[in-house]
Amino acid sequence: MAKMIRPQIGENMADFACGTGGFLSNWIKELEAIKDAKGSISNEESEKLYNSIYAVEKKQFPYMLCVTNMLLHGIDSPKVFHGNSLTKKLLDYTEKDAFDVILMNPPYGVSEKEDIKQNFPADLRSSETADLFMAVIMYRLKKKGRAAVIVPDGFLFGNDNAKNNLKKKLLTDFNLHTIVRLPGSVFSPYTSITTNILFFNNEEPSGETWFYRVDIPSDRKHFSKTKPMELKHFDGCIDWWNNRKELLDSDGNPKAKKYTTKELLDNDCNLDLCGYPHEEEEILSIAKTIQNYKKHSQAADEKISSTLKKITEILGIEL
């Protein structure tokens, strides 16, 4: 996400639920790569580089780890704050509260209390924490700013009032240019919830959104804590990103496809597209189920009897 957002020295970046600071450190690494490519930068540019981050974390322990993380990355006075980004009224944000870039993995699967929900307009009010953060992100992204945000599958196909309004806003007020579908085990073992990356800019909509599905590599069945997803697993996505075209997988299902904004709006804002194919399940009648059971049970009994016969013959045992 930090790589594809293409950071520039002089821009400021925010994460309103930063955890231990993964997005912050990767943002700094991308800027340092630009510095190294230039050979040298001015003191003013260097100061902008290391003062370009802003972050908030609600939980005490991750907050402390994030501050430590930033100190280890050479940031002496990191702008990382201990608090809850959802406690301020959404409509009170002004241009001075906005950022050039927002990189986030908002908490999801969590419900907020009524007093937090009251900080949001009625049309964007939700019990789901991830939805509320999406609203904050849209209100705090500068004009022409860029965002990359991880959201659960439920955001893509959810059709409650808040989700639909958030998606309509993304499609009509912002340029939601790319949605990257991620494998279900990316965050294993912490959660099995399938996630996606939304890439959007605060600018005039292009009228189309690209979808791309990242498949699990052939050398493994799933990702895990000991075998996590790595940047190399995005190589195909990165190659496609720079030369976009529609793709089909070996089964003829869309792996990469472009949809118009009108198509997405007419589809009731259901963004659950180019997802992972599911095997069709045949629902049998009770009679057919019993018949199949007897058939397979008989075959298993015959196989067991045949194997026992061979064993007794080898051992010379008479039954």
Side-chain angles (χ1 to χ4, degrees), residues 86 90-91 102 104-112 117 119-139 141 146-184 186 191-215 237 244-249 251-281 283:
L86 303 178
L90 195 66
L91 298 180
I102 296 174
M104 277 197 72
N105 178 13
Y108 45 83
V110 182
S111 296
E112 293 296 334
K117 290 159 58 177
N119 293 321
F120 294 79
D123 60 330
L124 302 179
R125 200 169 291 162
S126 172
S127 297
E128 170 60 46
T129 302
D131 294 347
L132 299 180
F133 270 108
M134 277 302 304
V136 171
I137 291 164
M138 288 191 281
Y139 270 78
L141 188 63
R146 311 182 304 288
V149 184
I150 295 177
V151 296
D153 266 9
F155 181 83
L156 298 192
F157 59 73
N159 60 2
D160 60 75
N161 185 58
K163 282 187 178 63
N164 269 348
N165 288 328
L166 286 166
K167 287 186 282 188
K168 285 177 184 176
K169 194 173 181 66
L170 271 175
L171 291 167
T172 57
D173 295 354
F174 293 79
N175 182 23
L176 176 61
H177 57 84
T178 311
I179 296 178
V180 176
R181 310 298 306 267
L182 300 178
V186 169
T191 179
S192 59
I193 296 175
T194 307
T195 53
N196 315 268
I197 310 174
L198 306 184
F199 290 91
F200 58 95
N201 304 336
N202 189 0
E203 57 186 33
E204 193 69 25
S206 65
E208 59 188 39
T209 300
W210 278 95
F211 289 73
Y212 182 92
R213 187 182 75 229
V214 178
D215 292 316
C237 183
R244 299 189 178 201
K245 57 184 177 182
E246 296 192 350
L247 303 171
L248 298 177
D249 61 23
D251 295 323
N253 300 302
K255 177 179 172 65
K257 188 174 175 63
K258 177 175 65 177
Y259 294 88
T260 66
T261 299
K262 184 178 185 307
E263 287 176 313
L264 298 176
L265 291 172
D266 289 347
N267 194 34
D268 295 326
C269 293
N270 183 356
L271 306 180
D272 187 17
L273 303 167
C274 293
Y276 297 88
H278 300 286
E279 292 184 5
E280 294 290 333
E281 292 187 4
I283 307 300

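Worth knowing before you read on, the calculation uses all heavy atoms, side chains too, and leaves out hydrogens, waters and symmetry mates. Along the sequence shown, residues are numbered consecutively beginning with 1. What you see is a predicted model, and the numbers here were worked out from it, not measured in a lab.
- Here the side chains of Tyr139 and Leu124 are in contact, with some heavy-atom distance below 4.5 Å.
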Test side-chain contact (heavy atoms from CB on, under 4.5 Å) applied to Asp173 and Met138, step by step: CA-CA 9 Å; Asp173 295 354; Met138 288 191 281; over 6 Å; no
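- Within the 3.5 Å criterion, the main-chain N or O of Asn201 finds no donor-acceptor partner in the side chain of Arg146.
- Once rounded to the nearest 0.5 Å, the distance linking SG of Cys274 with CD of Glu246 reads 8.0 Å.
- For the residue pair Asn196 / Asp153, a side-chain donor-acceptor distance below 3.5 Å is found, with atom types taken as modelled.
- Not one N or O on the side chain of Asp251 forms a donor-acceptor pair closer than 3.5 Å with the backbone of Asn253.
- Atom CG of Asn267 is separated from atom OH of Tyr259 by 8.5 Å, given to the nearest 0.5 angstrom.
- A 4.5 Å side-chain heavy-atom check between Phe200 and Ile137 finds at least one atom pair inside the cut-off.
- Using a 4.5 Å heavy-atom cutoff, the side chains of Asp131 and Tyr108 are not in contact.
- In Asp266, the CG atom is crowded: over 12 heavy atoms of neighbouring residues, nucleotides or ligands sit closer than 6.0 Å.
- The shortest side-chain heavy-atom distance between Phe133 and Val149 does not fall under the 4.5 Å cut-off.
- Proximity of Trp210 to His177: side-chain heavy atoms (C-beta onward) are nowhere separated by under 4.5 Å.
- Between atom CG of residue Leu156 and atom CG of residue Leu198 there is a gap of 6.5 Å, rounded to the nearest 0.5 Å.
- Remark: Lys255 qualifies as a cation-pi partner of Tyr212 under the 6.0 Å distance and 45° angle criteria applied to the six-membered ring.
- In this structure, Lys167 and Phe155 approach most closely via the heavy-atom pair NZ-O, 3.1 Å.
- The shortest non-hydrogen separation linking Pro205 to Thr172 is CG-O, 3.2 Å.
- Minimum interatomic distance between Pro106 and Ala130 (heavy atoms only, all atoms of both residues): CB-CA, 4.3 Å.
- If you take CD on Glu263 and CG on Leu171, they are separated by 12.0 Å, rounding to the nearest 0.5 Å.
- Counting heavy atoms from C-beta on, the side chains of Asp268 and Asn164 never come closer than 4.5 Å.
- One distance of note links CG of Asn165 with CG of Asp123; it measures 5.0 Å at 0.5 Å rounding.
- A heavy-atom distance below 4.5 Å is found between the side chains of Lys163 and Glu128.
- Taking a cutoff of 4.0 Å between a charged side-chain nitrogen and a carboxylate oxygen, Asp272 and Arg181 qualify as a salt bridge.
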Checking side-chain contact (heavy atoms from CB on, under 4.5 Å) for the pair Asn119/Leu90: CA distance, chi angles, key distance, verdict? CA-CA 6 Å; Asn119 293 321; Leu90 195 66; 6.0 Å; no
Walk me through whether Leu264 and Leu176 qualify under side-chain contact (heavy atoms from CB on, under 4.5 Å). CA-CA 11 Å; Leu264 298 176; Leu176 176 61; 5.7 Å; no
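- Among all heavy-atom pairs drawn from Phe174 and Leu141, the shortest one is CE2-CD2, 4.4 Å.
- Here the straight-line distance linking atom CG of Leu182 with atom CD1 of Ile197 works out to 4.5 Å at 0.5 Å rounding.
- Of all non-hydrogen atoms in Lys168 and Cys269, the two that sit nearest each other are CG-SG, 3.5 Å.
- At a threshold of 4.5 Å between non-hydrogen side-chain atoms, the residues Ile179 and Leu273 do not count as touching.
- For Thr194 against Gly184, the heavy-atom pair with the smallest separation is OG1-CA, 3.6 Å.
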